[in-house]
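In the text below, chain A, chain B and the rest are named by the order of the sequence lines, each starting its count at 1. Bear in mind that the values here come from a model prediction, so they are computed numbers and not experimental data.
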2 protein chains.
Amino acid sequence: MKSPSDTEAAPTKLALRPDDGRLLRGQRSRAAILKAARELFAERGFDRATLRTIAERAGIGASSIYRHFQSKEELLIAELLDLQEESWRQFRRDDQRKAPTRERVSRFLDCQHALLAEDSDLTLIALRATTRPGARVAAQVLSLNDRTIGLLMEIMQMGRMQANLKRSVDVLEAARVVFNITQGARIPWANGMTDAESCRKAIQTGVDLLFGGLEKS
Amino acid sequence: MKSPSDTEAAPTKLALRPDDGRLLRGQRSRAAILKAARELFAERGFDRATLRTIAERAGIGASSIYRHFQSKEELLIAELLDLQEESWRQFRRDDQRKAPTRERVSRFLDCQHALLAEDSDLTLIALRATTRPGARVAAQVLSLNDRTIGLLMEIMQMGRMQANLKRSVDVLEAARVVFNITQGARIPWANGMTDAESCRKAIQTGVDLLFGGLEKS
DNA sequence: TCATGAACGCGAACAAAGTCGCATAATGAA
DNA sequence: TTCATTATGCGACTTTGTTCGCGTTCATGA
């Protein structure tokens, strides 16, 4: 399910149309574009899939894509949003809220990894999008990241309450660190320097390190 | 018929020319390009600085740039390489090898931050470069990252030896985590979501968390 | 019925990175 | 000198994401 723009900073739209009308045509097009894009991204990878090719397969003109998306990257990001939702759903489905925090975090990351590991372009383009300050994709990815961090924070906050973690821990910062560990570990993987499994292990090792700490106590 | 000497041992140059000749012209051009590029990047930012503008200011043709660099991004990366060296030099200049590991790491990161904080494009484009698998820029940045990680590892290894850190710590992984913390913290900053000082604090907080660990002992 | 306005679609055009084939210049060998 | 070689330079061209202006469709309100 998606409702990406709840409040559109609305300049007060003068006349809202009911959900039916010529919007249907638009929705069909949007779906066709996304389908074609996902296929072509899977076949050739993001950079080799041309907007003109995508448009052709979707049966519309290339420039029409911009009626529905603001940039090529947004085509992939739309997919990433869906995938993240899915991974969170999977996590929640059999999450043991009373399990040790470290374990819960670990499972959360594994769920995410399992879905991302199927398509390195998702990671890559999301990262690239964050190097476009001001663009909508950048904001989208950044806000997606914030949601991920929020979920991690939630888990860790619960652990802190249950005296599972140190009282002094700043859960927001801790969640950020965990998130950064995953992001960092995925870069070499997305560049083909390591395989998905090494990436997963790197993430888990990093999390273990963070939980245990480095200093002698 | 032709190019019989194109065996596979590429590194062996078939016909070495002395260091002087028309190479001088090339070196001058290369320097002029870099100078023009740095100026224009500073004036307008990376994305708004056009290769043709850079070429014009450097007094050569746009396509000639590709005799010296493989991509626009490489123009910035060259600068980043210099800057990193400089930051390491600064760190070493008054590094106290006997100081607590946490402090040394902290200082290392501050040195790095001080130089990077002056130009967010450096961070941004370096990150973007890592989303171009196969490109030379990607390899350059990745290898630069590895060097940074190596230095961090060196510091932490020393700490481990001096019983400053837990024996069980995997210093390579720990160094990676520290590095990832810095990378992750810089993304919101480069996107204008936070200022340089918040970025610095985020890094330091993250490192503190990592050193102390999350779990109750 | 007809004007209105909004969402959609399209081809042409633009911008800018990157490629190609050829020209030039400098060097050493014959 | 002359020739071969090689680094450098360049303008025309290609590619590709994106913009623009104009046309089309269609629900609504008078």
Worksheet item: Given atom CD of B:Glu73 and atom P of C:dA16, what is their separation to the nearest angstrom?
Response: 16 Å
Worksheet item: Who are the ring-ring contact (aromatic ring centres under 6.0 Å, His included) partners of A:Phe91, not counting sequence neighbours?
Response: A:Phe108
Worksheet entry | Integer-rounded Å distance: C:dA25 P and B:Arg28 CZ | 14 Å
Worksheet item: Among residues 123-139 of chain B, which contact DNA chain C at a heavy-atom distance under 4.0 Å?
Response: none
Fill in: Euclidean distance, atom CZ of residue A:Arg30 to atom P of C:dG9 [Å, nearest integer]
12 Å
Fill in: ring pair (Phe, Tyr, Trp, His ring centres under 6.0 Å) pairs, two or more places apart, involving residues 36-66 of chain A
A:Phe41-A:Phe46
Item to complete: Take the protein atom CZ of B:Phe69 and the nucleotide atom P of D:dT8, then report the distance between them rounded to whole Å.
Response: 11 Å
Item to complete: Name all pairs fulfilling the side-chain hydrogen bond (donor to acceptor under 3.5 Å, both in side chains) condition that reach into residues 137-153 of chain B, sequence neighbours left out, sorted by first residue then second.
Response: B:Glu85-B:Arg147
Worksheet item: Only one of A:Thr123, A:Asp121, A:Asp47 forms a side chain to side chain donor-acceptor pair (under 3.5 Å) with A:Arg128, so which one is it?
Response: A:Asp47
Item to complete: Nearest whole angstrom, please: distance from the C1' of D:dT18 to the CD1 of A:Ile33.
Response: 14 Å
Response to the item:
Contacts satisfying side-chain hydrogen bond (donor to acceptor under 3.5 Å, both in side chains) that involve residues 103-115 of chain B (not counting sequence neighbours) are B:Asp94-B:Arg107, B:Asp95-B:Arg104, B:Ser106-B:Gln204, B:Asp110-B:Arg200, B:Asp110-B:Gln204
Worksheet item: Pairs in or reaching into residues 30-40 of chain B: which pass side-chain hydrogen bond (donor to acceptor under 3.5 Å, both in side chains), with residues at least two apart or in two chains?
Response: B:Lys35-B:Glu39, B:Arg38-B:Asp82, B:Glu39-B:Arg57
Worksheet entry | Whole angstrom value for the distance that separates P of C:dA25 from CG of B:Leu24 | 16 Å
Fill in: Residue pairs, two or more places apart or on separate chains, that pass ring pair (Phe, Tyr, Trp, His ring centres under 6.0 Å) and touch residues 121-143 of chain B
none
Worksheet item: Can you name the residues that form a side-chain contact (heavy atoms from CB on, under 4.5 Å) with A:Ser71, not counting sequence neighbours?
Response: A:Glu73, A:Glu74, A:Val137
Worksheet item: Residues from residues 45-68 of chain B sitting under 4.0 Å of DNA chain D, heavy atoms only?
Response: B:Arg52, B:Ile60, B:Gly61, B:Ser63, B:Ser64, B:Arg67, B:His68
